[in-house]
Asker: 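One structure is given below, represented as structure tokens, and several questions about it will come after.
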Amino acid sequence: MQWFYKIGTLLLLILVAFLVGQKVFLRKQKVASAANEKAGEKNTPEASVAINRDVELVAEQRRRQRRQIQGDAPDLGRFETALERTRLAGEDPLSDDESLANGPSSPVSGDAANADAISLRVGVIGATPKRQQVLTIDKLPFSPAEVRSVFREAQRRTCRMVLPDVAVRPPVPRVETGQAITIGRVPALSVGLSLAAGGGSKLTGLIRGQVREYFREHRLSIQPTVHIDNRGRAYFGTDCQAAFYALKRPGFTLQPEPLVKKSVSDFRALGVCGNQQDSALAVQQEPGDGRTLVMAFSFQRETEAATSLGLSARNVMEFLFLHLPASAGVDDLSIEVFATSDSRSTLHRIASQDGDLTSQTPTMTASIKFDSTVLMGMYPSDPVVTELRYRSAGVMAMQTVREMVAGRNGSEPQSLSEVLDSFAELSAR
């Protein structure tokens with residue numbers, strides 16, 4: 001009897017499978033028949049007309065959207081609609097003498113036909129500002145309040161770090177005769193750090209040694225942007241960057257520590273010299289000259305006298321003048337550097353390094369002490385400058401500079417650029 005039940009069960013399963021398969025087959029046939037009927041309807045002339053009408057409606061909607069976005073370019077929508085109709089007719093939209101740039105329906109013609117090609121180069125055309133377009137500073141501030149105000153206003157012109165793994169000294173682009181071009185960043189001065197005597201007293205011996213080695217093996221290069229006009233004369237922009245690199249590998253930049261980034265953010269461009277006189281220190285010069293970029297930098301300074309009296313570090317600001325000689329051009333981009341000290345009372349002409357990035361003696365050296373540490377004493381913090389040293393090749397009182405610019409004692413007024421030219425010539429003898 002068991003074999004009888006087994007045979008019956010097997011026959012029942014076969015019957016169920018047959019019925020299910022037949023049902024699926026009939027459903028597929030119905031779907032295929034409906035698809036064929038729909039395809040036959042699409043091939044009718046009435047369906048083709050409906051499709052064409054739908055396409056034209058879509059093109060009209062696009063045209064209206066373009067009008068809303070572009071406002072004054074309605075022809076673009078008609079051009080697009082005509083193009084759609086041409087495609088529907090099976091014709092080549094760019095056949096014979098017609099093209100997207102200068103066809104009969106094109107919204108541009110003549111010289112404007114190259115507008116699309118020109119638009120691809122946006123960011124290059126007009127990238128070199130004219131001298132008159134560069135921000136100028138008409139008067140050097142002297143009172144502490146004026147200096148702080150001007151420094152705050154220059155926050156958007158803070159010196160920026162160059163990205164890591166980039167050439168420290170970028171190549172000079174080829175300049176054609178009569179071409180105005182941006183040369184880019186040009187190394188002007190190098191900045192080094194050193195650990196002040198007793199400045200690492202709050203650090204462990206291991207960390208103190210690592211900090212000294214880090215300072216000794218790395219440099220910071222301050223690099224303003226230089227432009228060339230169509231007469232081959234150089235002038236400054238207000239953009240300034242700083243390249244951090246190792247002396248053993250001066251070709252490419254490195255990622256600096258936060259301490260170095262903070263120091264760079266304290267350098268700001270105030271503007272290039274203007275041409276207005278003032279009863280204080282006017283920086284008058286030939287309009288559109290642009291040979292002198294006025295910068296300022298801020299730091300926390302602590303002196304031995306203040307420390308002995310229990311006084312905390314105070315914020316100090318100094319000027320930095322980057323100056324191009326009158327003969328500066330593509331073939332001679334040497335930058336003269338002048339910096340003030342003693343709270344802007346003394347002007348130093350910095351000895352030229354001729355762009356030597358590997359010099360063991362940097363242009364400017366700041367001695368640093370650390371008042372505290374973080375990360376359980378593993379990382380120094382709160383740096384304070386105890387001394388600022390320059391590679392000075394000449395010194396002049398800023399009061400003398402003021403008198404030369406103002407034309408006092410019966411002398412003819414001079415521009416700041418002329419004063420710096422004379423200072424550089426006399427100190428180089």
Side-chain angles (χ1 to χ4, degrees), residues 137 139-148 150-151 154 159 188-197 199 215 219-222 224 240 242 262-270 273 280-281 283 292-308 311-323 335-353 359 361-369 383-405 416-417 419-424 426-428:
I137 178 172
K139 185 189 70 172
L140 285 179
F142 264 81
S143 70
E146 288 178 336
V147 173
R148 287 193 297 268
V150 173
F151 192 78
C159 192
L189 70 151
S190 60
V191 180
L193 300 177
S194 65
L195 192 61
F215 285 170
R219 292 285 185 273
L220 195 65
S221 175
I222 304 298
C240 183
K262 174 61 175 61
S263 300
V264 169
S265 66
D266 291 330
F267 284 82
R268 298 180 183 178
L270 306 185
C273 287
L281 176 59
V283 286
T292 302
L293 175 64
V294 180
M295 299 187 66
F297 60 97
S298 169
F299 59 94
Q300 294 290 323
R301 184 175 183 180
E302 183 180 274
T303 61
E304 293 183 4
T307 304
S308 62
L311 302 177
S312 59
R314 65 188 182 93
N315 189 61
V316 177
M317 292 187 187
E318 301 289 355
F319 288 134
L320 184 66
F321 302 141
L322 304 181
H323 179 65
I335 298 176
E336 293 278 358
V337 180
F338 303 84
T340 63
S341 64
D342 307 319
S343 298
R344 305 173 304 282
S345 62
T346 305
L347 180 64
H348 299 258
R349 175 183 173 265
I350 308 301
S352 175
Q353 292 180 309
S359 175
T361 305
T363 306
M364 179 189 303
T365 304
S367 297
I368 306 292
K369 66 169 289 189
V384 176
V385 177
T386 61
E387 185 182 9
L388 189 62
R389 301 187 302 274
Y390 300 137
R391 288 186 59 184
S392 182
V395 178
M396 175 186 291
M398 282 299 290
Q399 181 61 33
T400 304
V401 177
R402 295 182 68 176
E403 293 175 356
M404 295 176 67
V405 170
L416 179 60
S417 290
V419 172
L420 297 180
D421 285 335
S422 301
F423 186 17
L426 291 173
S427 59

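The first residue of the sequence shown is numbered 1, and numbering continues consecutively from there.
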Asker: Please name the pair of heavy atoms, one in F319 and one in P141, separated by the smallest distance, quoted to 0.1 Å.
Answerer: CZ-O, 3.3 Å
Asker: Mind checking whether F142 and V147 have side chains closer than 4.5 Å, heavy atoms only?
Answerer: no
Asker: Within the structure provided, determine whether R219 and V191 are in side-chain contact (heavy-atom separation under 4.5 Å).
Answerer: no
Asker: Between F297 and I222, is any pair of side-chain heavy atoms under 4.5 Å apart?
Answerer: no
Asker: Which atom names give the shortest non-hydrogen contact between A269 and A154, and what distance separates them?
Answerer: O-CB, 3.6 Å
Asker: Do you know the tightest heavy-atom contact between G394 and S427?
Answerer: CA-CB, 4.3 Å
Asker: For the atom pair NE2 (H348) and CD (E318), what is the distance rounded to the nearest 0.5 Å?
Answerer: 8.0 Å
Asker: Taking all non-hydrogen atoms of both residues into account, name the closest pair between V337 and A188 and its distance.
Answerer: CG2-O, 3.4 Å
Asker: Mind checking the CZ-CG spacing from F321 to L347? Nearest 0.5 Å is all I need.
Answerer: 6.0 Å
Asker: Can you find a pair of side-chain heavy atoms, one from R349 and one from L420, that are under 4.5 Å apart?
Answerer: no
Asker: Verify the distance criterion only: is there a donor paired with an acceptor across the side chains of T292 and S417 at less than 3.5 Å?
Answerer: yes
Asker: Taking the side chain as every heavy atom from C-beta outward, state whether I368 and V384 have any atom pair closer than 4.5 Å.
Answerer: no
Asker: How long is the gap from CG on L140 to CG on L270, to the nearest 0.5 Å?
Answerer: 8.0 Å
Asker: Hey, which of V419, D421, L293, V294 is the one that makes side-chain contact (heavy atoms from CB on, under 4.5 Å) with H323?
Answerer: D421
Asker: Can you measure from SG (C240) to CZ (R268) and round to the nearest 0.5 angstrom?
Answerer: 13.0 Å
Asker: Can T365 and R391 be counted as having a side-chain donor-acceptor contact under 3.5 angstrom?
Answerer: no
Asker: Hey, does L416 have a side-chain heavy atom less than 4.5 Å from the side chain of V401?
Answerer: yes
Asker: Provide the closest heavy-atom pair for D266 versus F151 in the form atom of the first, atom of the second, distance.
Answerer: O-CZ, 3.5 Å
Asker: Find out whether S190 and T363 are in side-chain contact, i.e. whether some heavy atom of one side chain is under 4.5 Å from a heavy atom of the other.
Answerer: yes
Asker: Kindly compute the distance separating OG (S298) from CE (M317), expressed to the nearest 0.5 Å.
Answerer: 4.5 Å
Asker: To the nearest 0.5 Å, what is the distance between CD on E336 and CG on L322?
Answerer: 11.0 Å
Asker: Would the distance check show the side chain of Y390 and the main-chain N or O of T340 forming a donor-acceptor pair, the cut-off being under 3.5 Å?
Answerer: yes
Asker: With a 4.5 Å cut-off on side-chain heavy atoms, are S194 and R389 touching?
Answerer: yes
